[in-house]
Amino acid sequence: MKRSPVIWVLIIGGIAITLALPLILRDKQYWLFVATQAYFWAILASSWALLAGYAGQFSFAHIALMAIAAYFSGIVGRDLGWSPLSGIIIGTLVAGLVGLIIGLLCLRLRKTYLALFTIAFAEIVRLAINAELDFTGGPMGLYLEPLIQTTSYVPYYYLILGLLLGSLAFMYALANSRFGLFFRSIREDEEAAAAMGVNVVRYKIMAFVVTAMIAGLAGAVDHHFIGFIAPSELIIGRMSLVIAMAVIGGIESLIGATLGAIFIHFSLEWLQQIPIPAALMPRIVEFKPALENLGFALTERAIQTNAWRMVGFGILLMVTLRFWQNGLIYPIIQRLTRQEAQAETVAKRQPAPVEETAAQERSEE
Amino acid sequence: MVDITGQYMLNLLLNGLLIGVIYALMALGLTLIFSVLGIVSFAHGEFYMIGGYVVYFVLQRFTNLHPYFAVLIAGLVTFVIGFIAERLLLQPLAKGEIERPAEYAILITFGLAFFLQFLMIAIVGPFPKKAARFFDLPEISTDILVTTATTLRIFEVPLSGNRLIAAVTAAILISATIFFMAKTWLGRGLQAVSQDRQAAAVVGINPLKMNTLAFSLGTMLAGMSGAVLVAVFSWVPWVGVPASGKSFIVIVLGGMGSMPGAVLGGLILGVVESLGAGLIPDPGRALAYKDAIGLLIFALVLLIKPTGLFGRDL
């Protein structure tokens, strides 16, 4: 497939910027932290996109699997004195094991039932973590040893960026191999896939295990960086956020979901406190009581949007689903990458009456 | 360690039944939506939450209003929101304009839940609110039944008056719903569409309109179950999350789309939860795992008999 030069400029530019970001943000350590977390969310969103968008398994247990790995790693570190690295490895394996169990249990369950089951599973995990104070620290949370002894964000930035790129490369290879085709065939029609000789059981479980391990690895590493995890991270709202990221980015595209997650994470951080030019401030202060009634807050130089930013993303999520089921970012990437390939195929293709009749049939239904 | 006596068991049983009635009311709405639209609404708990807030704010504003009026207003508000949501988001699904219907249904109702939840956080804030008691119980004193304004003792078993009022109100609403479904033209129309869309269309029922009606009625029932409970529990914008979990459990247990299943499933869940939590020796754990008991039932039903008690074949 020929790629237009634009895309190469974007790819190289993007990589250059991400690599140089610690230099660019030298005086803005906070934003470097935000970027690190954006990559963490990007791993979650893209691995969820592989599971849901490619393999068609709408699991809501992704955050729970991520947290299981982080908790496991933290607990073996605290109680058995294991190093963070071995904790991360064991945590990832445990997440994969739990993913395997979910995959096995859910073999018979279709779409809606799977969603219901995994929501229930995630809730049980959250309740259990809350209740088992001796192991998990309960609602007070659990402290984790730092993976790298440093006070700077820079090493972690490159570590999690590397994790993101590595998992993307792995998932991309997987999605573009035979396995990716099997995943998609299961999504489209399980019976038909089975009839064509796809080992549905094996590939469904494989999708669960692989994505669970990626989520677990990211979760364990990121929480050794943050140093703390609490059951409040397992609330369903965080899962909604992963879904919103994948859907807005493009649920059937790993890179779409990745960019969606980075975009949403940065926007959410930025929208928390929208800076306002000093010239405009007096005008806005006039509306202070009204704004505060609505739940906004005004500071010296900024307006805090609190929950309203999430409301905005809720609307964006619904509008995207309703009108752009392929997401907002993925179609742009497609345009940039496939323009010439598309032109070629269109030129080769003769007017196709078959498609027209198919479309007519569909509209008659 | 609690003493397990007959009276203690009776107490658990009755308390379980009281809460079970509310579960039943809420699940009735969800099962109605499933039976007609063929989808599970992941936003069901959010309508429950909105219903509760409507009652809270109406009663705060109009202190002399009878609480039942507030419950009706809550029903009306959630009906209208459900109506709008169905028209904007779910109608294209029914018309076959959506490429992947099952995925779309899951994600769009999930998105709706996300939106409504944060909208309420933005509007009312995250701090818990609780409505005042709807009304006092009449004072009775006989051998088997003793009541004060807030509590009731039957055969020496104490029950919370608040919960009793909520359960009785919910029972009235359940009866009204069953009557509506069985005896009115619209109710029969809904049943017809749920059994066979095309046959219903042939005899002159518009399935699309019935979809809208079913969704709005379903959300109204969720709203009203929140409305009767706002005087019992303290209310936060995410109060709907566990509540929708309960209604998922109930409809899976009772059989998706089955109304008797929803009522029976609700009562079973209420009792099992209450007994389960009461019989766990460590009270701290019992409270934490109360919700997990229901989820465990849910997982077992899904794995062993996904059609539930009264479900049709999948």
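Numbered from 1 within each chain, the chains take letters A, B, ... in sequence-line order.
Distance check: A/Glu252 CD to B/Arg100 CZ gives 4.5 Å after rounding to the nearest 0.5 Å. A distance of 9.0 Å separates CG of B/Leu89 from CG of A/Leu321, quoted to the nearest 0.5 Å.
Of the two parts of B/Val124, neither the backbone nor the side chain holds a non-hydrogen atom closer than 4.5 Å to a non-hydrogen atom of chain A. Proximity to chain B is absent for every atom of A/Arg309, based on heavy atoms less than 4.5 angstrom apart. For chain B, the nearby part of A/Phe60 is the side chain; its heavy atoms alone come within less than 4.5 Å. For A/Gln325, the part lying near chain B is the side chain, with the backbone staying farther off; criterion is any non-hydrogen pair under 4.5 Å. Contacts between B/Ile108 and chain A at a heavy-atom distance below 4.5 Å involve backbone atoms as well as side-chain atoms. Neither the backbone nor the side chain of B/Leu116 comes within less than 4.5 Å of any heavy atom of chain A. For a residue to count as touching a neighbouring chain, one of its non-hydrogen atoms must lie under 4.5 Å from one of that chain's; by this rule A/Ile124 touches chain B with backbone and side chain alike. Of the atoms belonging to A/Phe58, it is side-chain heavy atoms, and not backbone ones, that fall under 4.5 Å from chain B. Proximity to chain B (any heavy atom under 4.5 Å) is restricted, for A/Ile119, to the side chain, taken from C-beta onward.
Within a 6.0 Å radius of NZ in B/Lys209, other residues, nucleotides and ligands contribute 12 heavy atoms or fewer. Other residues, nucleotides and ligands contribute more than 12 heavy atoms inside 6.0 Å of the CZ atom of A/Phe266.
Side-chain contact between B/Leu119 and A/Trp308 is present, with at least one heavy-atom pair separated by less than 4.5 Å. Between A/Ile251 and B/Leu107, some side-chain heavy-atom pair lies under the 4.5 Å cut-off. Looking only at side-chain heavy atoms (C-beta outward), B/Ile39 and A/Thr112 stay at 4.5 Å or farther from each other. By the 4.5 Å heavy-atom criterion applied to side chains, B/Gln117 and A/Met310 are not counted as neighbours. In this structure the side chain of B/Trp238 never reaches within 4.5 angstrom of the side chain of A/Ile236, judged on heavy atoms.
Ranked by heavy-atom pairs under 4.5 Å with chain B, the first of A/Glu123, A/Glu132, A/Arg126 is A/Glu132. By number of non-hydrogen pairs under 4.5 angstrom with chain A, the leading residue of B/Gly125, B/Pro237, B/Ala102, B/Gly111 is B/Gly111.
The heavy-atom pair separating A/Val311 from B/Ala122 by the smallest distance is CG2-CB, 4.2 Å. What you find for B/Phe114 and A/Gly237 is that their closest heavy atoms are CE1-O, 4.3 Å. Minimum heavy-atom separation, A/Leu116 to B/Met256: CD1-CE, 4.4 Å. Contact record, A/Met318 with B/Leu112: SD-CA, 3.6 Å, taken as the closest heavy-atom pair.
Centroid-to-centroid, the aromatic rings of B/Phe115 and A/Phe313 stay 6.0 Å apart or farther.
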